[in-house]
Amino acid sequence: MSVQTHQRPKTQPESQHHRTPQIPPAQPQPPLAKRTSSSLIAHQKPAWVWAVAAACSMAVSLLLNSLVFGSLSWIGLGALASGLYVVSMYVITRVVEGRLEAADEFWRHLIWTAFFIALLPLVSVLWSVLSKGLPTLISHPALLVTDMHSVVGATDIATQDAGASLQGGILHGLVGTVLITVLASAISIPVGLLAAIYLTEYGKKNAFSRSIRFFVDVMTGIPSIVAGLFAFAGLTALTELVVGSSPQALQGVKTGAAAAIALSVLMIPVVVRSTEEMLQIVSNELREASYALGVRKWRTIIKVVLPTAMSGIASGITLAIARVTGETAPILVTAGYAAATNWNPFSEWMTALPVFIYRQLTNPTAPAASDPSTARAWAGALVLIVIVMGLNLGARAIAKHFAAKTAS
């Protein structure tokens, strides 16, 4: 029995039916033209042009000052030199690089010039306070731990004429500033936070919330003296209703607590506006996710919304505290002036640091010898600036600490 084997029919080579197109070999590309250093910097200014322009602008401003203006202050010379520098850089860039680059150069230099002009008042204030207040604090560190209780006109006359040691200090103003600010914060922060939470979470579009926002905006722009008069008038009317209108009772209205109420009128709208803005930034998806898990609204606000916005809220509150720390008029109206240190803000008159500085400059202890009073005022101004700057830096640190952490 023969077994037939099935052999696969032979096919023609595959290359005969499907020929792969032959790709011609790549032709060698001609070498790129060698770039020279001159082609890279064509139509560009040299790096040293700005220095030459600045030097020429200063020289021309000095020449114009001597020939045309007669005598200009350093501020005038700086302004004239800055204007000449901006114009000269625009002309040079227009000639070398073109119109678009010149316009960009012009606006960039103009912005930088405006920035330095805006810095001039700040630098001037800091330099004045440091140069006049720091030597007094270094040579008389007892200013921080003494008050003006035992200082009279003869004391300052002896200090100026006979070279005696500077007496008195700023302790009473420093203590008053701290106590009044703490009381004002204790009043303003809860009220401002609760008002902002209501405006953001509960009363978004009703008439009552619109009225609150309107009055908050109005309160933000009221003069500080008006807040002091409001607090003094309100406490005076309350005192007359309770204990009568005797002179002793009316004099008792002026206390540190009254000054705290006046400052809280200025502080509450700032806290409300800053907190409301921070709460509005919180995404609604976070609230909806919490509601979807069955969490009540008040717990969502406490556990989700407030922690998320805590960075901006804390920095806004700190800036509001810094804003009212340097107020003078409302404290002068409501707390008066005392030469001794008062540790009880609910009794007797109290002095804050801004009021102390104002009184030392406008009403020296010895009008015939005002130098000691001026020295104490500059020392107090330096301490006050340090406090305000510390609060601003603290606001930045708080914002950075509470800022939301992102995975890197």
Side-chain angles (χ1 to χ4, degrees), residues 147 149 172-173 175-199 202-203 206-273 275 317 320-321 323-356 358-359 363:
D147 54 28
H149 178 64
H172 56 311
V175 171
T177 297
V178 172
L179 293 178
I180 292 172
T181 304
V182 169
L183 276 178
S185 302
I187 298 171
S188 305
I189 293 174
V191 174
L193 283 176
L194 293 176
I197 290 173
Y198 171 79
L199 293 175
Y202 293 96
N206 55 31
F208 183 61
S209 64
R210 289 196 297 269
S211 301
I212 293 177
R213 287 191 179 93
F214 172 75
F215 286 112
V216 166
D217 292 337
V218 172
M219 290 175 62
T220 304
I222 63 173
S224 59
I225 187 65
V226 176
L229 291 174
F230 165 76
F232 181 75
L235 291 175
T236 300
L238 182 62
T239 302
E240 290 178 352
L241 289 176
V242 176
V243 297
S245 58
S246 62
Q248 294 80 7
L250 295 179
Q251 287 295 326
V253 171
K254 288 190 174 184
T255 59
I261 294 174
L263 292 184
S264 66
V265 175
L266 300 173
M267 188 175 173
I268 286 175
V270 179
V271 176
V272 171
R273 296 302 296 169
T275 305
I317 290 173
I321 295 173
R323 188 252 191 224
V324 300
T325 301
E327 290 292 342
T328 304
I331 300 178
L332 186 62
V333 172
T334 54
Y337 177 80
T341 305
N342 181 12
W343 294 89
N344 184 6
F346 299 97
S347 176
E348 304 298 331
W349 289 16
M350 178 175 283
T351 301
L353 204 52
V355 177
F356 169 78
Y358 171 77
R359 288 294 298 266
N363 189 18

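Side chains are part of it too, since the values below use all heavy atoms of this structure and drop only hydrogens, waters and symmetry mates. For reference, positions follow the sequence shown, starting with 1. Model, not experiment: these values are computed from the prediction.
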Sidechain-backbone polar pair: Asp147 side chain, His172 backbone, donor-acceptor under 3.5 Å: no
Donor-acceptor under 3.5 Å (Thr351 side chain, Gly173 main chain): no
What is the minimum heavy-atom distance between [X] and [Y], and which atoms define it?
X      : Y      : value
Lys254 : Leu332 : NZ-O, 4.3 Å
Asn342 : Met350 : O-CE, 3.1 Å
Gly228 : Val333 : O-CG1, 3.9 Å
Pro269 : Thr220 : CB-OG1, 3.5 Å
Ser188 : Val271 : O-CG1, 4.4 Å
Ala320 : Val270 : CB-CG1, 3.7 Å

Pairwise distance CD1(Ile180) to CD1(Ile261) - rounded to 0.5 angstrom: 11.5 Å
Crowding at OH, Tyr198 (>12 non-hydrogen neighbours, <6.0 Å): yes
Phe215 atom CZ, over 12 foreign heavy atoms within 6.0 Å: no
Stepwise side chain to side chain contact (heavy atoms under 4.5 Å, CB included) check, His149 with Thr341: CA-CA 8 Å; His149 178 64; Thr341 305; over 6 Å; no
